[in-house]
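Sequence positions, counted from 1, serve as the residue numbers for this chain.
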Amino acid sequence: MKGLIYKISTIGICASLLFGAISCDTEDFLENENKSKLTDATQWASEANADIFINDVYSEIPRICTLAEQLDYYTDDYNISHYYTASNWRQGICQAPASSNDSPWGGTYGPTNGYNWRTFFVKLRKCNTGIQKLEENRENYSDEYYNQRVAELRFLRAFFYSEYFMHVGGLPIITEPLDRNTMSEDELLVPRSTFEETFNFITGELGAIVDDGSLEVKYNNGNGDAGRATLGAALALKGWLELFAASPLFNSGTAYLSDPGNFVHFATADAGRWATAAATNKRFIDLYDGTYDLFDDLPNLWRASNEYNEEIIWDRQIVANVGGMGSNYERRGGPTYVLGNYLTWGNYNPTQELVDQFAMANGLPITDPASGYDPQNPYENREKRFYDFIVYDGATYKLDWMPTEDIIYTRIDETYANPDKTNQIDLAGKTDVGDSGYYQKKRLNPDAAPGNDASGQNDVFYRYAEVLLNYAEAQNEAVGPDPSVYNAVNRVRDRSDLPDLPAGLSKEEMRTAIHNERRVELCFENKRYFDNKRLMQQEETMGVPRHNMVIRNSSPADNSGTWVYSVEEEVKYTAKFEAKQYMSPIPQDVIDQNPNIEQNPGY
């Protein structure tokens, strides 16, 4: 049931039809106020009317599944050869834009993930307006309604802040609608707060929401309020932000470039921030374990019929086949040709770097001599998640919408009459066929054939596996690999039939194991970009070429030889990364309009 989204899209229509029908009954009704056209007075006159405004604030959550660019394009997990902003960014091209812009086509200002300066402050103003109006009209609402909706708007405000904060650092802290008619210039021209002040504001808001307890802990599938903010969402987001901020990029006491305003780092290092992050994620586990749990069928966790299962903490509702509310994620990714038909744009191409992180079925990494890995038979006996997430050469491919299964080949077959009409690797980048030798299967809706608005899978922002891994990482950094760290990581591994981590790991060995586990478990969920950033890995991961799997026959004229697997560098771009790219720039027109706003380092 798509409760919240349904309300957003239909309540105004229903009100119009209802009031239109009533107004025709009698002369008295014709003299009544037309409530189908809400004014500022009628908007806040009742809980139902107020919900029209508040539900619209929920619609400000970007539909990540429809964005042409995913954040994973800015990582070493995807090889993308299209003309996206990511194509410039991976070559070290990143500069302050003249004005707010989030177009994915050839931009030179870095990732946005559905946010820019202008759209962020639209979202912020709506939240602040809603909170202000609820307070001004409090007598019109029950205490329960008032407390819940204010908490929801505070959560949405904190969520919007968190999403943009992770891209640019310190932001102006604004908690009321700005009004040029009543406010002075000093009140309107709010400066950026420091990284620490912004972080404290967001996490303080989330902590207060959890402590207040006015929200539900979780909504389940079929609940009419599913999609609204919850206590689980607030606590999970707080725990993630604390882990993010405790990490080396921000918590070293020295910024990656000169940052006298402390906009992109804490002014002083504090190792205790790891313990704070561990405590918050542990609190989530202690309070909500059982209400939240690992979903036992990981490949189908994102299926529309499984929405709001026990693992989902915070998501954005998507409705299939409703104009402007559905998803075309399946059209953008997956094999380009399915059953001989051109169906997708082939955008989501996992790199060899990511594929190599998937362990063998025995749990050993492929670099371990005892693992049994064979570079010339690389897809045999890999861990379960590899087959669930990755489409590789020779893979059987069958989603529920397909009438029969297909076999996907990405090898270079010179005997084929028209290779442009297959999934053969496209090293020249001239077609939509992928460049890496792999396609993504994870997160593709098995019920929805590729098409515009065809899919109804929700955008999942946070799930319980991430909380477990967040706790494990923070606790390991704070105290080392104690039994609770092993337990958290092994719960995630156990679901995918992997053996437990070996006993006796050092802190450094456990750190590596956790980072590898995050990369595999959370791949294609727009997490790798933030992990690379916070761990200061982008220079080593993005400043070097990524790699493809190129498969050729030793006798290419007739394929009578053997198929040879060769890992080769990408050739389309010269990889480069500059330190300034760790955080995105502020648009120049923002600085021109508000001289109190300072630019990020390096721009």
Judged by atom type as modelled, is there a donor-acceptor pair below 3.5 Å linking the side chain of [X] to the main-chain atoms of [Y]?
X	Y	value
R411	G394	no
N321	G326	no
E405	T396	no
N88	G106	yes
T431	V433	yes
N476	K507	yes
Y486	P502	yes

Q) Does the pair N559 and D413 meet the rule for a side-chain hydrogen bond (donor to acceptor under 3.5 Å, both in side chains), with working shown? A) CA-CA 8 Å; N559 291 344; D413 183 354; 2.8 Å; yes
Q) Should we say atom NZ of K421 is surrounded by more than 12 heavy atoms from elsewhere, each under 6.0 Å from it? A) no
Closest heavy-atom pair and its distance - [X], [Y]:
X	Y	result
A454	A449	CB-O, 3.6 Å
L257	P601	CB-CB, 3.8 Å
G227	W314	O-CZ3, 3.7 Å
L237	S162	CD1-OG, 3.8 Å
Q457	P446	NE2-CD, 4.3 Å
M549	Y379	CG-OH, 3.4 Å

salt_bridge([X], [Y]) N-O dist < 4.0 Å:
X	Y	result
D102	R118	no
R528	D76	yes
R491	D293	yes
D447	R303	yes
E383	R493	no

Q: Flag the pair Y464 / F295 as yes when their ring centroid distance falls below 6.0 Å, and as no otherwise.
A: no
Q. Would Y439 and Y397 count as a close aromatic pair, with their ring centres under 6.0 Å?
A. no
**Q.** R519, E539, Q537 screened by side chain to side chain contact (heavy atoms under 4.5 Å, CB included) with N532, the one that passes
**A.** Q537
(Q) Going by ring pair (Phe, Tyr, Trp, His ring centres under 6.0 Å), Y582 matches just one of Y603, F250, F530, Y256. Which one? (A) Y256
Q) Knowing that exactly one of Y73, Y78, Y348 qualifies, which makes a ring pair (Phe, Tyr, Trp, His ring centres under 6.0 Å) with F524? A) Y78
Q) When R463 is tested against each of E307, E310, E525 for salt bridge (Lys or Arg N to Asp or Glu O under 4.0 Å), which residue passes? A) E525
Q: Please step through side-chain contact (heavy atoms from CB on, under 4.5 Å) for the pair Y109 and S103, ending with a clear verdict.
A: CA-CA 10 Å; Y109 37 77; S103 171; 3.8 Å; yes
Q.
Contact between N600 and P585 at the side-chain level, heavy atoms closer than 4.5 Å - yes or no?
A. no
Q. Is there a donor in the side chain of Y471 and an acceptor in the side chain of S484, or the other way round, less than 3.5 Å apart?
A. yes
Q | Trace of the side-chain hydrogen bond (donor to acceptor under 3.5 Å, both in side chains) decision for N79 with S436 | A | CA-CA 6 Å; N79 182 331; S436 72; 5.8 Å; no
Q: Over 60° means perpendicular and under 30° means parallel, so classify the ring planes of Y74 and Y529, tilted if in between.
A: perpendicular
Q) Is the NZ or CZ atom of K527 both under 6.0 Å from the centre of the six-membered ring of Y462 and within 45° of that ring's axis? A) yes
